[in-house]
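We count residues from 1, following the sequence as given. Atom set for the values below is all heavy atoms of this structure, side chains included, hydrogens, waters and symmetry mates excluded. These numbers were taken from a predicted model, which means no experiment stands behind them.
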Amino acid sequence: MPIPETADIHPDAGGTGTPAGRWPEWTEKHRLDDTLPAQAYEAASPQCRTALKSGLALAFMHFGACPGRTHETLQDPRRGYWRQMETFPAPWAIAAFTPDYTAAARLAAACVPAHLAGVPLLGAVCVGGAPSGQALTALDLSGVEDIFVLDTASLCALLEESQPGPGRLVLLHEGELDSARRTSRALSIPCYEERRPPNLVLPDRSAFDIELLSFAQGKALEQALEPASPVTPAALYLSSEAAQGHCRHHRHGPHHADSLALSPGCEGFWLHAGLTPDFFRVSRMAFGPLP
């Protein structure tokens, strides 16, 4: 008996409701005016735009290219079993945030892995009002064209109606979008959350351009500039030499945990811990005995 072929699974196959490659029709009346991202881009300083472009280039270098779709077959005659695995991009993804979200680098870092994973339909939803200029600049540079302004109930309806599924959801908030998290759980939609600004440490602020860091990190930078340093930072802003030393030396202590070390020139770059292109890809496996 031949090894059975895995069903031909396409990212746009199956499901009912909204046709593949399109958002529900009712979202069109909530689409942000297409001119606003361009206006926000022009309003941002050239230095801020350059910093964000550099951050995007770093993200592409870090993650590299992802295959569109892979199929793997493994046969183990000694153990008497076969395994097949199919991986492909999730059919859609949504990055949802609030109007006061002003961390351009972190919003871009939420979108780029989806692009690299090959997600064919990527949307951004600002819940409760118009996005900030920083957010619009990040979305413009990240290539996100589908931007909507919805209330919480409409975001949950969008998650319920987007087909085929499940897609992927990224929430950038401080508790305001908890109902969307509950909806994603009920619908078995994988969800990644940034539920509070990351703790940052900036030992020598003179080494960095504070304007760029403010554009990139929003209110998280305000906390970093306060006298008291966080106990477990998500990122350390260090000189190039100190950043390299951070990786080489196995130190222990509050500032030497699993922290990201960023040197001058990386102000517009960010990595969300655990949010990689793999999060935006679907994996399906099949097993069986060999004849």
How would you list, by chain and number, every residue that makes a ring pair (Phe, Tyr, Trp, His ring centres under 6.0 Å) with F280, sequence neighbours excluded? none

Do Q47 and F215 come within less than 4.5 Å of each other through their side chains, counting heavy atoms only? no

With K219 via salt bridge (Lys or Arg N to Asp or Glu O under 4.0 Å) - residues at least two apart: E174

So, does S259 use its side chain to make a donor-acceptor pair with the main chain of P233 at under 3.5 Å? yes

Sub-4.5 Å side-chain heavy-atom contact between S162 and P24: yes

Quick check: do C48 and Q134 have side-chain heavy atoms less than 4.5 Å from each other? no

Donor-acceptor contact below 3.5 Å, side chain W92 vs main chain P164: yes

Consider only side-chain heavy atoms of I, L, V, M, F, W and Y, link residues closer than 4.5 Å, and tell whether L169 and F279 are in one cluster. no

Can you give the donor-acceptor pairs under 3.5 Å from side chains of residues 183-191 to other protein atoms, not counting sequence neighbours?
from: T183; atom 1: OG1; to: S179; atom 2: O; distance (Å): 3.0
from: S184; atom 1: OG; to: R181; atom 2: O; distance (Å): 2.7
from: S184; atom 1: OG; to: R181; atom 2: NH1; distance (Å): 3.1

Could you tell me whether R31 atom CZ has more than 12 heavy atoms of other residues or ligands within 6.0 Å of it? yes

Sequence neighbours left out, what pairs pass salt bridge (charged side-chain N to carboxylate O under 4.0 Å, His left out) with at least one residue falling in residues 87-116? R106-E194

Once salt bridge (Lys or Arg N to Asp or Glu O under 4.0 Å) is applied, do any residues pair with R79, and if so which ones, sequence neighbours excluded? D76

Quick one: sort the Y101 and F97 rings into parallel, tilted or perpendicular, breaks at 30° and 60°. tilted

Can you name the residues that form a salt bridge (Lys or Arg N to Asp or Glu O under 4.0 Å) with D34, not counting sequence neighbours? none

Do T137 and D140 meet the criterion of a side-chain donor-acceptor pair at a distance under 3.5 Å? no

For the backbone of R281 and the side chain of R168, can you confirm whether one donor and one acceptor N or O come within less than 3.5 Å of each other? yes

Nearest-0.5 Å distance that lies between atom CG in L212 and atom SG in C266: 11.5 Å

Under 6.0 Å from the six-membered ring centre of Y41 and within 45° of its axis: does the NZ or CZ of R49 meet both? yes

